[in-house]
Amino acid sequence: MRTSMLKSIVRRTSISGTSRRGFTSGSAPERKVAVLGAAGGIGQPLSLLMKLNPLVSRLALYDIAGTPGVAADVSHINTRSEVAGFAGEEQLGQALEGADVVIIPAGVPRKPGMTRDDLFNINAGIVKSLCTAIAKYCPHALVNMISNPVNSTVPIAAEVFKKAGTYDEKRLFGVTTLDVVRAKTFYAGKARVNVAEVNVPVVGGHAGITILPLFSQATPTANLSDEEIEALTKRTQDGGTEVVEAKAGKGSATLSMAYAGAIFADACLKGLNGVPDVVECSFVQSNVTELPFFASKVRLGKNGVEEVLGLGQLTDYEKEGLEALKPELLSSIEKGIKFANAN
Ligand SMILES: NC(=O)c1ccc[n+]([C@@H]2O[C@H](COP(=O)([O-])OP(=O)(O)OC[C@H]3O[C@@H](n4cnc5c(N)ncnc54)[C@H](O)[C@@H]3O)[C@@H](O)[C@H]2O)c1
Ligand SMILES: O=C(O)C[C@H](O)C(=O)O
């Protein structure tokens, strides 16, 4: 599905002489997408990918600085959406007004030796202020939270929205798609199957052992040993750190994250537009376990989350992983809630 989305985007953009506006606007409703943190390492390629998405009619690119340039650049691409750049807090309201989907990759990334939780002190405040503005200017938008630590920033957003009286659990998503993207890539390599056909649910949260890929449910099936499954699980859990170390102080995953963020936003837009059976993993308010937020497969619809799907049959190894992740995930969730209520 992901590869076909990008192929269709590339195909559309390469039809020379076709009016992009005329080509797409007849079939897809008007949809505004806002990217907050659009001048950053993720924000720029993500803005590019959203500009390539024919489901988007307006693209608002917001950052504290640098967005006029990014917007001018991206706006020259001959696809459907109109692009506008907004810089500085005084323009945040305009960027958000009328947004159907708000994607948040704003905040600092990790350096080698740091955990995602080490970003909490800076990113919690950024996310809180952006969510306060969302509650004011586009309270019905679907919010795609990318800023780390996702296990805490999503609960912060929920508390901000609750305080503002706008919280709708169906509209708040922690973006965990990169874990799924990695699990699919690593599994395909080990199982020697066509990566384009691979599906692997990844549940739990988005940090270390809280990332729990369910390789027993991977398709196409393959006869992997317990050791191979353990190695794949560990590599998926450490995927972010692998990139942080390779970048050696120059940040964390940006390009693969932009791809993953574009996949998830596309799924949200499809759901809003009434496309049936759109299912992605996401960190959402949940009853799947005793934890108040949990990542699992989610069916997306016209109001956001239509159904939070269960975990399915787990192996003993996966059951152990599930029990092991709960204390850390709960503590990150509680940390976010506490921060939002104290500040
Ligand atoms: N969910 C995931 O899977 C995932 C994957 C990769 C990175 N991340 C996280 O995404 C975040 C961004 O990463 P990056 O590599 O793009 O970082 P970056 O530093 O390259 O870009 C961040 C951008 O956010 C902007 N920003 C800071 N404060 C802001 C504010 N108040 N309002 C609007 N914009 C603001 C900065 O100006 C910058 O342009 C980090 O927290 C990182 O850990 C999450
Ligand atoms: O690892 C990070 O800090 C960034 C992101 O969460 C990732 O998984 O790549």
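Note that ligands are numbered from 1 as they come in the structure, with each ligand's atoms numbered from 1 the same way.
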Should the proximity of [X] to ligand 1, defined as any heavy atom under 4.0 Å, be assigned to the side chain, the backbone, both, or neither?
X      : result
Pro105 : backbone
Asn123 : side chain
Thr254 : side chain
Val150 : side chain
Arg116 : neither
Thr177 : neither
Ile126 : side chain

For this session: Kindly identify the option in Arg182, Arg116, Met114 whose heavy atom sits closest to atom 9 (O) of ligand 2.
Result: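 Answer by nearest heavy atom: Arg182.
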Exercise. Between atom CZ of Arg58 and atom CD of Glu97, what is the distance when rounded to the nearest 0.5 Å?
Worked result: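 CD of Glu97 is found 9.5 Å from CZ of Arg58.
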Any N or O on [X] sitting closer than 3.5 Å to an N or O of ligand 1?
X      : answer
Pro109 : no
Asp63  : yes
Met145 : no
Ala106 : no

[X] heavy atoms, cut-off 4.0 Å: which ligand 2 atoms fall inside?
X      : result
Gly240 : 1 (O), 7 (C), 8 (O), 9 (O)
Ser252 : 2 (C), 3 (O), 4 (C)
Ala253 : 9 (O)

Problem set entry | Glu318 and Ser216 side chains, donor-acceptor separation under 3.5 Å |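 A pair is found: one side chain offers a donor N or O, the other an acceptor, under 3.5 Å apart.
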Exercise. Does any N/O atom on Arg110 come nearer than 3.5 Å to any N/O atom on ligand 2?
Worked result: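 Such a contact does occur with ligand 2.
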Exercise. Based purely on interatomic distance, does Thr241 place a nitrogen or oxygen under 3.5 Å from a nitrogen or oxygen of ligand 2?
Worked result: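 No - when backbone and side-chain N and O of Thr241 are compared with those of ligand 2, no distance drops under 3.5 Å.
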For this session: Report the part of Val150 (side chain from C-beta onward, or backbone N, CA, C, O) that has a heavy atom under 4.0 Å from ligand 2; answer both or neither where that applies.
Result: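 Neither; no heavy atom under 4.0 Å.
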Exercise. Going by the order shown, which atoms of ligand 1 are within less than 4.0 Å of some heavy atom of Ala253?
Worked result: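 Atoms satisfying the 4.0 Å criterion: 6 (C), 7 (C).
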Exercise. Quick one: which ligand 1 atoms are inside 4.0 Å of a heavy atom on Leu119?
Worked result: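 Selected atoms, number and element: 43 (O).
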